[in-house]
There are 2 protein chains.
Amino acid sequence: MEDSTQNRILDAAESLFIEFGYAGTSMRAITEKAGVNLAAINYHFGSKEGLFAATVHRRMASINSSRLSRLEALLNSETGASVEGILEAFFAPILPGKTQPELQRLIARIHAEPPALVGPILEQEFGDIVNRFISALQQVMPGVAKAKIAFQLNMSLGVMLQVMHAGPIVFTGITGMSHQQKMQQLMAFCSQGMKLLETPS
Amino acid sequence: MEDSTQNRILDAAESLFIEFGYAGTSMRAITEKAGVNLAAINYHFGSKEGLFAATVHRRMASINSSRLSRLEALLNSETGASVEGILEAFFAPILPGKTQPELQRLIARIHAEPPALVGPILEQEFGDIVNRFISALQQVMPGVAKAKIAFQLNMSLGVMLQVMHAGPIVFTGITGMSHQQKMQQLMAFCSQGMKLLETPS
DNA sequence: GTCTATATTGGGATAGAC
DNA sequence: GTCTATCCCAATATAGAC
């Protein structure tokens, strides 16, 4: 919120990491864009990797608490949880919407970086959350193997990432669609695929 | 096929680009892994970018001709083309299978690189192909807007990329599934989502 | 076509004054 | 907490001998 040196660095780093990736972004480029001194990154974040982890954590902290509170509300509700409800609790906080347009592009970037860099970060930021949601899905679909549920959820994440994709656009001509149309198609696509598990072949 | 210097460089570059990304891979690392001289890259491929484009083209050239011949066979067949048939013609040549295990990881890597790098390459390697397939889908689904078809195809590609993913894996516990199980779920997921267009809401 | 050597630039990180 | 200056290393690319 405040215009501190840390936040100036985080803002500049985020946009550059999104556009050029981690390895493609230099600390000099970050500090120049932020209007701060080169040594400020090492002073405040220890290293370039520490800065990257900090940019991720800044965005994901509030997202994950939102996910958890939505899931808790579902599980404690009168009607109980459903597949669609759980999916929505997981994806709604990161759905492209009115707020934070940078969020989706950063998430897509994270998943595009080499595992050696983001593996520990993903484990830290998503480890608990993912297990909680898979457990919830298992309770709703008791007959389905855990691996199948995880695989299906992984595919849904892939759809999300592709739609969020700030990266190269293979299919042109999508520009004619409204934002609402896209979101409608996206949620229908994922929930339709997820429903396949309920009628095992 | 042959063990020429060019192919030694291409093999080494491919595996390193997959693992560390374009910017995260140095020409020194490539030439050392290939067992060739540092200057060989510039001599044979002009530049690091030229080498990257060559690695992509080597894999995609045969893939795209396979896609086109499959599509032609469909359009000229007695029964005519169907949505599933067109989708299969597009995705089957890159489906994870017995051969070329590096292919999927490279494709995932391509789509993870910054647009400034891979934009021109994607245009060159995929531009014609994508237009041909979208036109074919339009003929099979006359009432559906082109943008919606392209968007749906884009989401299907996202599922493919996530399953192929060379990158970080958020959902663990998928290891218990057989290869056939994964492919079955993947194709069911995509075709089920694609079918939504035939019954417009 | 392949090598050595090098030119040139930019990278991350740190020491120490202020 | 911020700055300058610098260390040390790695990067891409090329020139020129073989």
Side-chain angles (χ1 to χ4, degrees), chain A residues 1-58 109-110 112-121, chain B residues 1-58 109-110 112-121:
Chain A
M1 295 297 176
E2 41 171 339
D3 195 38
S4 64
T5 296
Q6 283 99 327
N7 280 329
R8 292 176 61 82
I9 292 175
L10 285 171
D11 290 339
E14 180 179 78
S15 73
L16 289 173
F17 285 151
I18 287 171
E19 189 171 358
F20 302 108
Y22 174 80
T25 301
S26 69
M27 293 169 63
R28 281 175 165 83
I30 294 169
T31 51
E32 281 173 19
K33 177 160 189 163
V36 301
N37 190 268
L38 172 61
I41 287 181
N42 284 297
Y43 179 81
H44 287 287
F45 302 98
S47 66
K48 187 186 177 187
E49 278 200 31
L51 171 58
F52 183 76
T55 62
V56 175
H57 183 74
R58 180 176 66 154
R109 248 298 133 221
I110 296 168
E113 293 292 338
L117 173 67
V118 293
I121 295 175
Chain B
M1 294 300 176
E2 40 170 340
D3 194 39
S4 64
T5 297
Q6 283 99 328
N7 280 330
R8 294 176 60 83
I9 292 174
L10 285 171
D11 290 338
E14 182 180 78
S15 73
L16 289 173
F17 285 152
I18 287 171
E19 189 170 359
F20 304 108
Y22 174 80
T25 301
S26 69
M27 294 170 62
R28 280 176 165 80
I30 295 169
T31 51
E32 281 172 21
K33 177 160 189 163
V36 301
N37 191 268
L38 172 62
I41 287 180
N42 285 295
Y43 178 81
H44 288 287
F45 302 99
S47 67
K48 187 186 178 186
E49 279 200 31
L51 171 58
F52 183 76
T55 62
V56 175
H57 183 74
R58 180 176 67 154
R109 248 299 134 221
I110 296 167
E113 293 292 339
L117 172 66
V118 293
I121 296 176

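Throughout, protein chains are lettered first and strands after them, A, B, ... in sequence-line order, and every chain is numbered starting at 1. We use all heavy atoms of the structure for the numbers below, so side chains are in, but hydrogens, waters and symmetry mates are not.
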Using a cut-off of strictly less than 4.0 Å, decide whether Thr5(B) has a side-chain nitrogen or oxygen near OP1 or OP2 of dT2(C).
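Checking dT2(C) against Thr5(B), a side-chain N or O does come within under 4.0 Å of OP1 or OP2.
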Examine dT12(D): is either OP1 or OP2 under 4.0 Å from a nitrogen or oxygen in the side chain of Ser47(B)? Give yes or no.
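The answer is no; no side-chain N or O of Ser47(B) sits under 4.0 Å from OP1 or OP2.
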How is [X] classified with respect to the nucleic acid when contacts are heavy atoms under 4.0 Å: base, sugar-phosphate, or nothing?
X        : answer
Thr31(A) : nothing
Ile41(A) : nothing
Thr25(B) : sugar-phosphate

Take the protein atom [atom1] of [X] and the nucleotide atom [atom2] of [N], then report the distance between them rounded to whole Å.
X        : N       : atom1 : atom2 : value
Ile9(B)  : dT12(D) : CD1   : C1'   : 15 Å
Glu32(B) : dC3(C)  : CD    : P     : 14 Å
Lys48(A) : dA10(D) : NZ    : P     : 15 Å
Arg8(A)  : dG1(D)  : CZ    : P     : 16 Å
Leu16(A) : dG11(C) : CG    : C1'   : 15 Å
Gln6(B)  : dG1(C)  : CD    : C1'   : 10 Å
Ile30(A) : dG10(C) : CD1   : C1'   : 14 Å
Phe45(A) : dA13(C) : CZ    : P     : 14 Å

Is there side-chain contact between Ile121(B) and Phe52(B), with heavy atoms separated by less than 4.5 Å?
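In short, these two side chains touch, coming nearer than 4.5 Å.
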Selection from [options] that lies nearest to any side-chain heavy atom of [X]:
X        : options                   : value
Ala39(A) : dA11(D), dG12(C), dA15(C) : dA15(C)
Asn42(B) : dT2(C), dA13(D), dG1(D)   : dA13(D)
Tyr43(B) : dA13(C), dT2(C), dA11(D)  : dT2(C)
Leu38(B) : dT2(D), dT12(D), dT2(C)   : dT12(D)
Asn37(A) : dA13(C), dA11(D), dT4(D)  : dT4(D)

Tell me whether the side-chain N or O atoms of Arg28(B) pair up with the base of dA11(D) as donor and acceptor below 3.5 Å, since no angle test is needed here.
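Checked by distance alone, the answer is yes.
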What is the minimum heavy-atom distance between Lys48(B) and Thr25(B), and which atoms define it?
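For Lys48(B) versus Thr25(B), the nearest heavy atoms are NZ-O, 2.7 Å.
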Locate the shortest heavy-atom distance separating Ala12(B) from Ile30(B); write the atom from each residue and the value.
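Closest approach of Ala12(B) to Ile30(B), heavy atoms only: CB-O, 3.7 Å.
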Take Ser26(B) and Gly46(B), find for each the nucleotide of DNA chain D with the closest heavy atom, and name the residue whose nucleotide sits nearer the 5' end.
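Nearest nucleotide further toward 5': that of Ser26(B).
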Distance only, no hydrogens: is a donor on one side chain within 3.5 Å (strictly under) of an acceptor on the other, for Lys33(B) and Ser15(B)?
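Yes, a side-chain donor-acceptor pair sits under 3.5 Å.
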Charged N to carboxylate O below 4.0 Å: is that the case for Arg109(B) and Glu113(B)?
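Salt bridge present between Arg109(B) and Glu113(B).
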